[in-house]
Student: 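Let me give you the structure first, and then I'll get to my questions.
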Amino acid sequence: MACPNVATDEISMLKTARERTGAGYTSSFSITNPIYMSDLQRLTGGNTSGSGNSYPAVNLGNPVSNRPDGQNPLEFAEFSQYDQNPQRTAFMYNYNSSSYQNACPIAIVFDTYYHTDPNNLVPSSGAGIYTAYTTQTGTTVVSAGYYAIYTTGNLPVPSGKWMQVGNNGLIIGIGNC
C-alpha cells in the first residue's frame, strides 16, 4: 500500500520508511533507527546521512506530484500517495514518430511497453498525468511519438486508440484511431 494523501490523512515517518524499503506503508517491516528525512528523499537511495536502513532509489514511476524531488526544503508532502512499487499497465503497440494516422493502421506490433495508469489499457487522460516506460520496473521512458495501443498476449488486438508521448515520457494526448 502506498503512502496516504497528505491532504486527507497524516503521514508517518516510520511508515514512510517502510514504504521506501518496498515493504509497504502499512506493513510491520522492521526499520532500524535512526530515520533521516534526507535519506528517505535522496533520489539515488542509500543512507549517506546515517539512517539505520539503506533505501532503494526513489521510484520515478510515480507521478511527479507524488514523489520527492530530492531538493531542500525536505517536506513530507512530497510523499503524498508515493508508492515504492507502483503498478504499471502493459500494452503492445505500433509506433510512429510523427502522426497517429501513421501509427493506427493495423500492423505487426512491436513489443511490450508499460504506462503508469494502473486501471486502463489506454490511459484515462492525456494531460501529462501518466508516463510510459520501456520496462515494468525501469526508469527509461519510451521514445516521443505516437503509439497505437494493442492488448498484450499471443494475439494482440487493436484497442482502436492511440496515445502521444512527449520527450520526457509523459503521455500528452490520447484519441481514437
Side-chain angles (χ1 to χ4, degrees), residues 1-91 93 97 111-120 122-145 147 163-174:
M1 180 179 166
C3 295
N5 183 334
V6 296
T8 58
D9 206 350
E10 291 183 11
I11 193 164
S12 155
M13 187 168 219
L14 173 61
K15 290 180 177 184
T16 301
R18 288 176 177 153
E19 181 63 36
R20 285 287 287 113
T21 66
Y25 189 82
T26 59
S27 75
S28 59
F29 184 79
S30 179
I31 297 293
T32 304
N33 286 323
I35 304 168
Y36 290 106
M37 181 69 120
S38 54
D39 286 333
L40 293 177
Q41 292 208 336
R42 187 168 293 106
L43 297 180
T44 58
N47 60 347
T48 305
S49 296
S51 288
N53 286 78
S54 182
Y55 300 97
V58 167
N59 192 317
L60 301 178
N62 289 276
V64 172
S65 61
N66 299 112
R67 67 177 189 233
D69 61 12
Q71 303 294 314
N72 286 325
L74 306 177
E75 299 176 12
F76 263 117
E78 295 179 29
F79 284 103
S80 183
Q81 298 178 301
Y82 175 80
D83 190 344
Q84 185 65 35
N85 301 306
Q87 293 181 0
R88 293 186 182 170
T89 299
F91 65 93
Y93 62 91
S97 62
D111 200 354
T112 302
Y113 279 169
Y114 303 84
H115 61 71
T116 56
D117 180 350
N119 300 312
N120 298 293
V122 178
S124 62
S125 172
I129 295 172
Y130 302 107
T131 304
Y133 293 94
T134 58
T135 64
Q136 175 77 28
T137 58
T139 58
T140 303
V141 296
V142 303
S143 298
Y147 294 80
M163 67 182 185
Q164 180 186 8
V165 177
N167 289 328
N168 54 3
L170 284 178
I171 298 167
I172 57 176
I174 54 174

Student: List the atom of Ala2, the atom of Tyr25, and the distance in Å for their closest heavy-atom pair.
Tutor: O-CB, 3.6 Å
Student: When Arg42 is tested against each of Pro68, Ser49, Ser51 for side-chain contact (heavy atoms from CB on, under 4.5 Å), which residue passes?
Tutor: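 The single option meeting the side-chain contact (heavy atoms from CB on, under 4.5 Å) with Arg42 is Ser49.
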Student: Just by modelled atom types, is the Gly52 backbone N or O under 3.5 Å from a matching donor or acceptor in the Asn33 side chain?
Tutor: no
Student: Are any side-chain N or O atoms of Asn167 and backbone N or O atoms of Ala144, one a donor and one an acceptor, separated by less than 3.5 Å?
Tutor: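 Answer holds: no.
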Student: Any idea which heavy atoms bring Ile171 and His115 closest together, and the distance?
Tutor: CD1-CB, 3.8 Å
Student: So, taking the atom named CE in Met37 and the one named CG in Leu74, what distance separates them when rounded to the nearest 0.5 Å?
Tutor: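 CG of Leu74 is found 6.0 Å from CE of Met37.
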Student: Taking only residues two or more places apart in sequence or in another chain, which ones pass side chain to side chain contact (heavy atoms under 4.5 Å, CB included) with Ser65?
Tutor: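 If we apply the side chain to side chain contact (heavy atoms under 4.5 Å, CB included) test to Ser65, skipping adjacent residues, the hits are Pro63.
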Student: Would a 4.5 Å heavy-atom cut-off, applied to side chains only, mark Tyr93 and Thr112 as touching?
Tutor: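 They are not in side-chain contact.
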Student: Not counting sequence neighbours, list each pair that qualifies as a salt bridge (charged side-chain N to carboxylate O under 4.0 Å, His left out) and has a residue in residues 4-24.
Tutor: none
Student: Any chance you could measure Thr131, atom OG1, to Arg88, atom CZ, to the nearest 0.5 Å?
Tutor: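 It comes to 8.5 Å.
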Student: Could you label the plane-to-plane angle of the Phe91 and Tyr147 rings as parallel, tilted or perpendicular, counting under 30° as parallel and over 60° as perpendicular?
Tutor: perpendicular
Student: Under the side chain to side chain donor-acceptor pair (under 3.5 Å) rule, collect the residues that match up with Thr89, sequence neighbours excluded.
Tutor: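 So Thr89 forms no side chain to side chain donor-acceptor pair (under 3.5 Å) with any residue.
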Student: Rounded to the nearest 0.5 Å, what separation is found between the CG atom of Asn5 and the CG atom of Asn66?
Tutor: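 So the gap between those two atoms works out to 8.0 Å.
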Student: Measure the CG-CD1 distance between Asp117 and Ile129 for me, rounded to the nearest 0.5 Å.
Tutor: 9.0 Å
Student: Does Gln84 reach the main-chain N or O of Ala57 with its side chain, forming a donor-acceptor pair under 3.5 Å?
Tutor: yes
Student: Angle class for the Tyr82/Phe79 ring planes (parallel below 30°, perpendicular above 60°, tilted otherwise)?
Tutor: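 Answer is perpendicular, since the angle exceeds 60°.
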Student: Ignoring hydrogens and angles, tell me if any N or O in the side chain of Gln41 forms a donor-acceptor pair with the backbone of Glu75 under 3.5 Å.
Tutor: yes
Student: Phe76 and Val6: which non-hydrogen atoms are nearest, and at how many Å?
Tutor: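 Between these two residues, the closest heavy atoms are O-CG1, 4.1 Å.
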Student: Between Tyr36 and Pro34, what is the shortest heavy-atom contact and its length?
Tutor: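 Nearest heavy atoms, Tyr36 then Pro34: CE1-CG, 3.3 Å.
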Student: Within this structure, what is the CD1-CG distance for the pair Ile35 and Leu40, rounded to the nearest 0.5 Å?
Tutor: 7.0 Å
Student: If every non-hydrogen atom of Gly50 is compared with every non-hydrogen atom of Asp39, which pair is closest and at what distance?
Tutor: N-OD2, 3.4 Å
Student: Can you check side chain to side chain contact (heavy atoms under 4.5 Å, CB included) on Tyr130 and Leu170, steps first, answer last?
Tutor: CA-CA 6 Å; Tyr130 302 107; Leu170 284 178; over 6 Å; no
Student: Can you measure from CD1 (Ile31) to OG1 (Thr21) and round to the nearest 0.5 angstrom?
Tutor: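 These two atoms lie 4.5 Å from each other.
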Student: Which atom names give the shortest non-hydrogen contact between Asn53 and Asn47, and what distance separates them?
Tutor: O-CB, 3.2 Å
Student: Taking CD in Gln87 as the centre, count heavy atoms belonging to other residues, nucleotides or ligands within less than 6.0 Å. Is the count above 12?
Tutor: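 Atom CD in Gln87 is not crowded, with 12 or fewer foreign heavy atoms closer than 6.0 Å.
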